[in-house]
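See below for the structure under consideration.
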Amino acid sequence: MTDVLALDSAAQDLLFREARTANTFTDEPVTDEQIQAIYDLVKYAPTSMNMQPLRVVLVRSAEARERLVDLMFDGNKEKTANAPLVAILATDHEFHEELPTQFPHFPQAKDAVFGERPVREAAGSFNAALQVGYFIIGVRAAGLAAGPMTGFDAAGINKEFFRDGEHGVLAVVNIGKPGENAWYPRSPRLAYDEVVTTV
Ligand SMILES: Cc1cc2nc3c(=O)[nH]c(=O)nc-3n(C[C@H](O)[C@H](O)[C@H](O)COP(=O)(O)O)c2cc1C
C-alpha cells in the first residue's frame, strides 16, 4: 500500500514506520538552527481559524533544566535530565490577540468568538495539541528523535516557567539522536478496520 502515497517510502519510514519515541539520547547537541528549521516547516500545518496558540520554551540552561526535572514524574526524570535538548510545549491562552493579523479575513473573531476565556482556553488547548503533534513529526523530519511526555506536575511547570498565568503546559519533549537501548518494544497499533468505518 505504500506506493499509494505521494510521500516516498524512505520519508514514510523516517516520519512514521521507523520513527520511535526515544528514552535515551547521544550527547550530540541539538542546535537552535535545527529547531528553527523544524518550526519553519510545521508552522504551515493547519489549525482552526489559523490560530497559533503553541508556544515552545527551549530549556537550555542547567539551572532551568534542574527546575524542570524536579517537576517531572519519577519515571521521566532521568531522560529529561540527560537529553541534549528539552522543550516545554504550551498553549498561550491569549492567542486570540494575534487573530486579527493571522486570520485577517475575520478579524472580529478575536472578540466575537474568543472573547470568553473558557472558550478560547478549550479551542487553544485543542489546537495547540494538534501543533504538538506536528512538532513531533517535524523533529523526526530533522532526523532527530522526540520523547514527548505528559507525566509531570503541570501546575508546577505553569508556575515555574510561565509566570503570567496565561499559559498551560501541554507536553515536555526530549529531543536528540537516539542513544543506546533508546526504545521500548514497539506496542501494537489498532488495525484499519478497528478504527475506520464508512457510512
Ligand atoms: C502526548 C504524549 C505523552 C507521553 N507521555 C509520556 C510520559 O510521560 N512518559 C513516557 O515515558 N512516555 C510518554 N509518552 C511516550 C508514549 O508512550 C510513546 O510515544 C508511545 O507508546 C509510542 O511509542 P513508539 O513511538 O516507540 O512506538 C508520551 C507520548 C505522547 C505522544
Side-chain angles (χ1 to χ4, degrees), residues 2 5-45 47 52-92 128-154 156-158 160-162 167-189:
T2 60
L5 302 175
L7 196 67
D8 70 62
S9 182
Q12 294 171 31
D13 285 342
L14 180 73
L15 299 181
F16 297 101
R17 269 188 304 270
E18 288 179 10
R20 300 294 311 279
T21 300
N23 296 292
T24 69
F25 298 89
T26 68
D27 291 338
E28 189 176 321
V30 177
T31 65
D32 288 348
E33 289 70 26
Q34 285 173 297
I35 300 300
Q36 181 157 1
I38 290 165
Y39 178 71
D40 283 339
L41 186 64
V42 302
K43 70 184 179 188
Y44 292 110
T47 57
Q52 292 152 65
L54 179 70
R55 297 294 178 268
V56 179
V57 177
L58 301 179
V59 181
R60 289 235 180 249
S61 75
E63 169 274 323
R65 179 80 68 108
E66 204 170 307
R67 281 194 287 135
L68 179 61
V69 168
D70 280 348
L71 294 162
M72 301 303 292
F73 289 175
D74 284 348
N76 290 332
K77 282 185 192 292
E78 194 181 333
K79 52 192 169 190
T80 307
N82 293 314
L85 179 62
V86 186
I88 304 172
L89 274 51
T91 317
D92 182 348
L130 287 178
Q131 293 186 287
V132 169
Y134 302 143
F135 183 86
I136 291 168
I137 302 302
V139 168
R140 293 171 167 190
L144 298 168
M149 298 166 289
T150 48
F152 48 67
D153 170 359
I157 290 181
N158 290 341
E160 278 288 325
F161 291 91
F162 304 101
H167 294 74
V169 61
L170 292 167
V172 173
V173 184
N174 295 327
I175 303 169
K177 288 270 166 67
E180 273 182 42
N181 301 317
W183 18 84
Y184 305 126
R186 188 71 124 170
S187 297
R189 301 303 201 258

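Atom set for the values below is all heavy atoms of this structure, side chains included, hydrogens, waters and symmetry mates excluded.
- Atom CG of L68 and atom CD1 of I88 lie 4.5 Å apart (nearest 0.5 Å).
- With a 4.5 Å cut-off on side-chain heavy atoms, Y39 and V56 do not count as touching.
- For the pair F25 and N82, the minimum side-chain heavy-atom distance is 4.5 Å or more.
- Judged by distance alone, the side chain of E28 and the main-chain N or O of K177 form no donor-acceptor pair under 3.5 Å.
- Using a 4.5 Å cut-off on side-chain heavy atoms (C-beta onward), L71 and R67 make no contact.
- With R55 contributing its side chain and G168 its backbone, the two residues share no donor-acceptor pair below 3.5 Å.
- Once rounded to the nearest 0.5 Å, the distance linking CG of L7 with CZ of F16 reads 7.5 Å.
- Nearest heavy-atom pair, A129 versus L170, reported as atom, atom and distance to 0.1 Å: N-CD1, 3.8 Å.
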Would you mind writing out the side-chain donor-acceptor pairs for residues 143-153 within the sub-3.5 Å range, not counting sequence neighbours?
residue : atom : partner : partner atom : Å
D153    : OD1  : A155    : N            : 3.3
D153    : OD1  : G156    : N            : 2.8

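- Formation of a donor-acceptor pair under 3.5 Å by the R186 side chain with backbone atoms of R20 is not found in this model.
- The shortest non-hydrogen separation linking G138 to I38 is O-CG1, 3.6 Å.
- Rounding to the nearest 0.5 Å places CD1 of I175 at 7.0 Å from CG of L58.
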> Should L89 and F135 be marked as a side chain to side chain contact (heavy atoms under 4.5 Å, CB included) after you check the CA-CA gap, both sets of side-chain angles, and the distance that decides it?
Replying inline: CA-CA 9 Å; L89 274 51; F135 183 86; 3.8 Å; yes

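- With sequence neighbours left out, the ring pair (Phe, Tyr, Trp, His ring centres under 6.0 Å) criterion links F162 to H167.
- Between S61 and A64, the shortest heavy-atom contact is OG-N, 3.0 Å.
- To the nearest 0.5 Å, atoms OG1 (T80) and CE (M72) are separated by 4.0 Å.
- In this structure, CG on D70 lies 5.5 Å from NZ on K77, to the nearest 0.5 angstrom.
- Residue D27 qualifies as open at atom CG: its count of foreign heavy atoms under 6.0 Å is 12 or below.
- Using a 4.5 Å heavy-atom threshold, the side chains of I35 and L85 count as touching.
- Between the Q131 side chain and the Q52 main chain, no donor and acceptor come within less than 3.5 Å of each other.
- Here E18 contributes atom CD and R140 contributes atom CZ; the two are 11.5 Å apart, rounded to the nearest 0.5 Å.
- Within the 3.5 Å criterion, the main-chain N or O of E63 finds no donor-acceptor partner in the side chain of E66.
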